[in-house]
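Start at 1 and go down the list; that is how both ligands and their atoms are numbered. Sequence positions, counted from 1, serve as the residue numbers for this chain. Heavy atoms only: backbone and side chains are in, while hydrogens, waters and symmetry mates are out. Given the structure is predicted, the values throughout are model-derived calculations rather than measurements.
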Amino acid sequence: MKRIAILACILLAGACCPKNHVSSPDGRISVRFSVDADGVPTYAVDVDGEPFLESSAMGLFSDDVNLDRGFKLKSSRVKSRRETWHQPWGENKEVVDSHKELALRLKNDAGVGLEVVFRVFDDGFGFRYAYEVPGADTLRIHGERTQFAFAADADTWSIPGDFNSYEHLYRKMRLSELRNANTPLTLKFSDSLYAAVHEAALVDFPEMVLRNDFGLTFQASLAPLLVDAKDIKALVSGSFQTPWRTVQIARSAVGLINSSLILNLNEPCALADVSWIKPMKYIGVWWSLHLGVESWGGEGHGATTENAMRYIDFAAANNIQGVLFEGWNDSWRGSDALPDFDFTRAAPDYDVEKVAAYARSKGVALITHNETGGNYLRFEEQLERTLDWDASLGIHAMKTGYAGGGLSGGAPRHSQTGVRHFQKVVEEAAERQIMVDGHEVIKATGLRRTWPNFMTRECVRGMEYNGWGPGNPPSHTVILPYTRLLGGPVDYTPGVFDIRYTCVEGKPQLRTWGRPSSECSEHTTLAKQMANWVVLYSPMQMACDLLENYEGHPAFQFFRDFDADCDASEALQGEVGEWISIVRRAGDRFFLGATTDETGRSFDQPLTFLRPGVRYTATVYGDAPDAHWESNPTAYEITTRSVTCEDTLSLCLAPGGGAAVSFLPE
Ligand code: CA
């Protein structure tokens, strides 16, 4: 009798109190879910038994139907998963997904069903909402209630969230003083606790940024659908789910970089055949346009047939797989886009068929460039025809651009409209086996797992800013690996060898905007430019400088040897905004990049990542002893030595400097 009573009690407890907590596989991160007195879902997180996030609200809100209150928890389930999956390219081609999942089903007094799903990994957690609104065809979303109520103050690195651009300098601020941040927002609580807030699988929904009025509680804020109708954030059907809201957690700064959480929260590859998707190194007519020694069109036109042939020859001779010609299209000449814009109309001095045939004959991939000026509707009208035309010429890589203030029709770039458009471009491109490098598009949230033809994107204050004005300070590219790159690859376009822009001297200035000033420079040493080919990961990695600055230059051998198609990566040492040492393996070769901010530093790098029993020739492309980003940026030296995994390399980085190291098996 007593035994039956106990059993009944257990069954009853199971029925009335569904399981509401879950821990990471290693038990260090635990998430607790609850519903407050108003029926608002909430969650709280502990790390190593200490509060990390205090009770934080969850959910969305709409003026059309009650999506955010009056909920009761109906049931829940917990499951575990451990699997290894592979991707055609990436920092790591093999990825382990090990997590525990807690899914909670709720219903409110308006009959709205809500499923909250948490996935907790050893390197952080994510959660998403799936709503069922009976009888609703279209629903307006007016905002998001999700909070991140941090339990402690921290140092943070972020750019402001303006829903339109990521081309900002990063700010280091105390969390308690931060009011507005885009994601990834990176936090350092102590020397052994780092975190980054971001989102994963951003599909058919606006971008999330974070806002805070006071204290340490941050609130999700969604990009509005239109600039002049700010209250509506998204239009959804009666049955919809949101992207994942994510928090990566690591015990070291480089631990954030070595996390695969964002990819693990994306859907598996949607493409049956990925054999045509190939990482590449590339060069092109681009930097010359920003320096103003060539132009997008008219006088001094850079993308001419003759110049294209020269670039293709250089690529073929230097183990470079791709070439890009900006300004090939007659309709785009910097700011004066023609009204009858045609994405397939080449400039009169650019014989696209001849260039494409020549590139094919040399085994070099042509990267086309479609600059929309933000007029996404015009691009969508011509999209299928344009991509068909590209494919017919054997062009299987495309750079897109959305320069200007925003998208046509008054939609912010990071609105649901923008997210839908960028996704449409990627899917239409995939259908024609075209790889995409998106500029001024939506931030990276791991969709490359599902659509691996979305190779890389800008979404950063990149190299171009160094050509126009004060540019990017030495710390910028040692903040990016710990912030922007947590989302995914970046087309930063490193590799300027002519740091002081001597190639501009004595030539007419052909650029009509943002005149170069005396402050224009790279703010790095030459060796740091090279190291950034490794540090700033992109499966389409550009050597951006003019060919004459590479021709005959001994240091260019590193790029010739470098392989953009790496198999595995490890961020080894470093600190946010100060320095980094990172290694990538491609086949049996290794490439290491180390960079520093304006502070010079020496450090020892154990070579334990090398294969045991193999001897390598290590070639260090480093700063000369007297190198300095400001006073002596081009002083470099190349040294070689024979090493094994038992050796340690001592590297000396100049102020604003770096080192690029190749390890080739002997
Ligand atoms: Ca840009």
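- Between Tyr550 and Phe314, the closest heavy-atom pair is CB-CZ, 3.9 Å.
- Counting only protein N, O or S atoms closer than 3.0 Å to the Ca ion (ligand 1) gives 5.
- Using a 4.0 Å cut-off between charged nitrogen and carboxylate oxygen, Glu144 and Lys233 do not count as a salt-bridge pair.
- Under the 4.0 Å criterion applied to side-chain N and carboxylate O atoms, Lys278 and Asp565 are not assigned as salt-bridge partners.
- Note on Arg432 versus Glu428: salt bridge recorded, some NZ/NE/NH1/NH2 to OD/OE distance being below 4.0 Å.
- Using a 4.0 Å cut-off between charged nitrogen and carboxylate oxygen, Glu91 and Arg448 count as a salt-bridge pair.
- In this structure, Arg457 has no side-chain hydrogen bond (donor to acceptor under 3.5 Å, both in side chains) partners at least two apart in sequence or on a different chain.
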